[in-house]
Each structure stands twice: as structure tokens, then as C-alpha cells.
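Accompanying notes for the structure given below.
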Amino acid sequence: MQTTETETVVKPINCSHYINGKYVPSSNGKTFENVNPATEEVLGVVAEGGKEEVDQAVKSAKKALKGEWSTLPLRKRSAIVRKIGDLILERKSELATLESLDTGKPLWLSKSVDIDRAAYNFHFFADYMISVGTESYQQDDIAIHYAVRRPTGVVGLINPWNLPLLLMTWKLAPALAAGNTVVMKPSEVTPMTATVLAEICTEAGVPDGVVNMVHGFGETGAAITSHEDVDAIAFTGETITGSAIMKSAAPTLKKLSFELGGKNPNIIFGDADLDDVIETTMKSSFINQGEVCLCGSRIYVERSIYDEFLNRFVAKTKELKVGDPFDETTNVGALVSEEHYNKVLSYLDIAKEEGGTFLTGGKAADIEKGFYVEPTIITGLGKESRCVREEIFGPVVTVIPFDTEEEVMEQVNGTHYGLSASLWTSDIKRATRLSAQIEAGMVWVNTWFLRDLRTPFGGMKHSGIGREGGAHSFDFYSELTNVTVKL
Ligand SMILES: NC(=O)C1=CN([C@@H]2O[C@H](COP(=O)(O)OP(=O)(O)OC[C@H]3O[C@@H](n4cnc5c(N)ncnc54)[C@H](O)[C@@H]3O)[C@@H](O)[C@H]2O)C=CC1
Ligand SMILES: O=C(O)/C=C/C=C(\O)C(=O)O
């Protein structure tokens with residue numbers, strides 16, 4: 001048991017690897033410190049895995065692949081997958097606290113988004129796996145063709161720090177539902193909730209060896225992606241890391257699913273409902289400190305409403321409270337790490353050099369300890385600006401006016417990214433016309449981040465390869481064999 005919860009106090013945990021149903025340290029005893037980004041205090045230590053631990057985890061997963069998990073009757077496996085979700089909800093306050101300690105995000109957000117959605121990821125795929133089918137065709141009186149599914153195999157799940165439990169479970173739930181065994185690697189920056197999740201899986205009835213976890217840095221991830229007995233890699237994180245993983249996975253020809261960076265546009269036309277626009281743009285700009293791959297960090301506003309939009313958006317942003325993640329009135333918590341904080345601040349310097357005007361923020365928040373940045377709205381930057389083109393991944397947005405559809409669409413599609421977009425107009429014809437033109441895996445019309453887990457989720461261009469969600473996840477985590485029976 002690695003966690004301690006009383007009625008009101010949840011203590012941070014030290015994080016070990018999880019191999020074959022047991023917490024284990026690194027064989028050389030190596031650890032690194034886990035730092036609370038809101039206070040800069042050390043939360044505990046994390047085992048640092050290397051090739052040896054990855055090898056043990058992969059061996060354990062490979063052995064378990066031949067065990068009962070993948071052949072359990074569907075209903076039994078589904079019940080275990082569901083139970084994981086139930087146990088996550090039972091331990092919600094503990095998991096939410098650990099998530100906020102690790103990431104610096106407000107506790108109310110961990111509770112209402114991260115942990116609830118983590119549980120729902122299991123509940124959703126427990127239901128989905130019962131009804132998922134395969135193709136079959138009758139070819140005249142010559143033959144019947146039907147496809148059967150089998151698990152993809154040993155899958156490496158590699159995740160970032162922004163939504164640690166939500167994103168790990170978004171991969172783990174369908175992987176387990178489809179009968180795979182896994183080696184998870186959480187981000188080195190946010191290791192705590194995945195550590196608890198491993199134990200929860202065992203408690204729910206997942207056999208030993210099916211869920212394994214190795215902590216560590218990029219080299220640990222690389223040991224997973226290059227391992228010859230790992231059959232597939234599901235990765236969420238930075239585009240450049242996706243490219244490195246592709247290279248390292250190439251010699252062993254692994255199946256890959258990538259959800260990568262974004263620089264998502266919000267496109268706001270003059271006929272949109274401005275109350276809705278403002279309320280949603282506040283979220284799409286600053287929720288989770290702007291550390292969501294789907295955040296709309298490039299805001300394009302039709303000139304007819306540009307001034308009114310800015311006045312209202314700036315006024316609302318000035319009301320945001322930055323500070324202690326455990327204060328329930330906090331809107332924006334700490335950025336996840338000193339390294340990331342420095343990266344975000346460096347973009348504020350770039351914005352200054354590029355001639356941008358800060359309408360709010362533009363600097364670190366005046367808080368003695370911790371990695372806090374003020375919500376920042378920048379105007380006056382052109383389409384070549386690095387702040388407009390590159391993923392900052394913090395509470396920083398640029399706002400640019402436009403006059404015509406053609407002009408805005410050129411800018412919208414003018415980056416290498418293609419993850420999501422949020423389009424605001426009351427003209428349904430314009431909405432459907434532009435949605436088809438936007439080079440993004442997901443377009444939200446008059447809304448943002450409205451999720452249905454059956455829908456295809458992922459990006460095009462440098463924002464990803466493949467889609468997750470419903471059938472898309474299931475196809476990635478299973479292999480199809482087509483059987484042809486001659487009549
Ligand atoms: N979904 C998204 O779009 C996200 C984008 N980011 C962006 O990425 C930047 C860096 O964030 P990180 O979490 O450090 O992203 P990252 O892509 O460096 O790391 C994500 C995961 O990949 C692992 N990793 C790193 N190098 C690896 C390699 N060569 N082989 C295998 N695994 C490797 C890391 O240890 C971590 O578990 C952020 O500043 C942000 O701009 C970060 C989080 C999510
Ligand atoms: O699956 C979701 O609803 C959210 C996904 C968010 C990311 O992938 C991200 O921020 O990296």
C-alpha cells in the first residue's frame with residue numbers, strides 16, 4: 001500500500017515501479033525528486049528506471065499476454081474494467097489531491113475534470129467492449145468473410161504531465177478492454193496518480209503482469225519504444241518527441257498512435273453570440289493554466305466586434321485569481337515545473353521583442369514561491385510571430401483581427417499543427433463550409449472541448465497520427481484477422 005488517506009489529509013507518496021503486480025525499486029536504487037510546482041517543496045522521491053526495469057516490465061507483460069486476461073469471457077473482463085473506474089471514484093479525493101500536488105492545477109479542476117473523466121474512461125470502454133463488432137461479408141454463393149479480433153499485444157503507454165491520470169486512463173482503458181498487456185510510463189514530472197492507478201488495477205481484479213509501470217525520463221521512454229517485444233506505442237506529448245519515438249520504433253516496426261502538440265485557433269465571427277464566446281474563450285484560454293493540447297491559443301476576431309470582444313475578454317481575464325491550487329477560489333494554479341515556467345516566460349520575452357502589446361499579464365505572478373504566470377493576452381503580433389505559430393502551452397493567448405473569411409482561413413491553416421479549432425458563428429452554412437476547410441482533427445462549432453468518447457479524437461499534420469476514441473481506440477488496441485470460408 002503506497003497511499004495514506006485520512007478524512008481530510010492526503011499525503012504525497014514516493015513512487016516505485018509496478019512490475020508483475022508489485023511495487024519495486026530500481027535495481028540500482030536510483031531515484032529522483034518530485035517537486036511541488038506550487039511551493040517548490042520536494043514531495044517525495046521517484047524510482048528512476050532504466051533498460052533493466054523496462055526489460056523486466058516487458059517480460060512480465062509478455063508472459064501475461066499468454067495468461068487468462070485476453071481470453072477472459074467478455075463480461076468478466078468488462079466487469080473488471082468497470083471496477084477500475086469505480087475504485088477511482090472511491091478514491092477521488094485522494095487522487096485529486098495527488099494530481100494537484102503534482103501538477104499545480106486547482107483542486108476543484110482535478111476533481112471535476114481529471115478524476116471524473118479518468119473513471120469515465122473505464123466505464124465507457126467497459127460498455128463499449130461488449131458491443132464492439134467486426135466486419136463480415138457474404139460474397140454471393142462463393143464465400144463468407146468475417147474478421148476476428150485479437151489484442152495488439154504488449155503496448156507501451158507514454159504520457160505527458162498536463163492531464164496525467166486522464167490521459168493515462170484514456171489509453172489504458174481501451175488497451176485493457178481489448179485484452180492487451182501494458183507497460184506505462186507516466187511523465188517524470190507527475191508520477192503520483194499513475195502509481196496509485198497500478199494498485200487500483202490489481203485491486204479491481206486485473207491479473208498480475210497485465211499492467212506494469214516504469215518511472216523515469218525520456219531515456220526510460222526510449223527503452224520502451226525501442227524494445228523488440230513491445231508491439232505498439234500510444235503516445236501523447238510534444239511533436240518532437242513523437243518524431244524521436246517514430247525513429248526509435250522503426251527498426252521493430254511498431255504500431256503507433258500519436259497525439260501531439262497543437263496551436264489551435266479560435267475563429268470568432270461578428271454574428272456569434274458574444275456572451276457565449278466570452279465565457280468559453282476564458283476556458284479555452286486559461287483552464288488548466290493553458291496546459292491542455294486543445295487550448296485555443298490563437299484567437300482571430302472579426303474586426304466588427306474586435307474592440308468589444310477585447311474589452312470584455314480583458315476585463316474578465318483581470319478578474320482571474322492566480323494562486324494556491326488548494327484554495328477553492330483559485331482560477332489559475334501553478335505551471336507544472338520550473339523548466340516549463342521558464343519556457344513560458346521565454347515566450348513572453350519573445351513577444352516583447354516581436355513588438356507585441358500585453359493587455360493583461362506578460363509576467364510571472366507576484367507570488368514568492370512556485371511557478372505562477374499571470375494570464376496573458378497579447379495583441380499586435382503578425383502571422384510570422386513565433387508566439388502565434390509555436391506551442392507555448394501556458395496561460396498565454398494572442399488576439400488578431402480579421403476582415404474576410406479567406407484571410408482568416410489562410411492564417412488558421414498556416415501552421416504545421418492541425419489538432420483542433422473552435423469556430424464561432426450563427427451562420428450554419430458558413431460553419432459547415434469552414435469546418436470542412438480547417439486543417440484540424442477536431443472542429444468545435446460554437447463550443448470548445450465538448451467531448452463524446454465515441455468520436456474520433458486526434459490531430460493531423462504535426463499534431464498526430466491516428467485517432468483515439470470509441471472504435472478508433474479499439475482498432476488500435478486490436479489486430480484483425482480476416483477469415484474467408486469457401487461455400
Ligand atoms: N498533448 C500535448 O500536446 C502536450 C504537449 N506538450 C508540450 O510538450 C512540451 C514538453 O512537455 P513534456 O511532457 O516534457 O513532453 P514530452 O513529449 O517531452 O514528454 C512526454 C512523455 O514522453 C517521454 N519522453 C520524452 N522523450 C522521450 C523519448 N525520446 N522516447 C520516449 N519517451 C520520451 C517523457 O518522459 C514523458 O513521459 C510542453 O512544454 C508542451 O509544449 C506537453 C504535454 C502535452
Ligand atoms: O481526451 C480528452 O478529452 C483530452 C485530451 C487532452 C489532451 O490530449 C492533452 O491536453 O494533451
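Just so you know, these numbers come straight off a predicted model, no measurement behind them. When a ligand or atom number is given, it counts from 1 through the structure's own listing order.
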Would you say the side chain of Asn28 lies within less than 4.5 Å of the side chain of Glu52, judging by non-hydrogen atoms?
no
List, ordered by chain and residue number, the protein residues whose closest non-hydrogen atom lies under 4.0 Å from any atom of ligand 1.
Ile158, Asn159, Pro160, Trp161, Asn162, Lys185, Pro186, Ser187, Glu188, Phe217, Gly218, Gly221, Ala222, Phe235, Thr236, Gly237, Glu238, Thr241, Ile245, Leu260, Gly261, Cys293, His340, Lys343, Glu391, Phe393
So, using ring-ring contact (aromatic ring centres under 6.0 Å, His included) as the criterion, who are the partners of Phe217 when residues are at least two apart?
Phe32
For the residue pair Phe235 and Phe258, categorise the inter-ring angle as parallel (less than 30°), tilted (30 to 60°) or perpendicular (more than 60°).
perpendicular
Please check: side-chain N/O of Asn121 versus main-chain N/O of Leu166, any donor-acceptor pairing under 3.5 Å?
yes
For Phe449, enumerate each residue passing the ring-ring contact (aromatic ring centres under 6.0 Å, His included) test, keeping only those at least two apart in sequence or located in another chain.
none
Can you confirm whether His416 sits close enough to Thr239 that some side-chain heavy atom of one is under 4.5 Å from a side-chain heavy atom of the other?
no
Heavy-atom pair with the smallest gap, counting every atom of Thr281 and Ile299:
CG2-CD1, 3.6 Å
Mind checking what residues have non-hydrogen atoms under 4.0 angstrom from ligand 2?
Arg117, Asn162, Leu163, Leu167, Trp170, Thr236, Glu259, Val292, Cys293, Phe449, Arg451, Phe457
Is Lys383 salt-bridged to Glu410, cutoff N-O under 4.0 Å?
yes
Give the minimum heavy-atom separation between Thr169 and Ala118, together with the two atoms involved.
OG1-CA, 3.4 Å
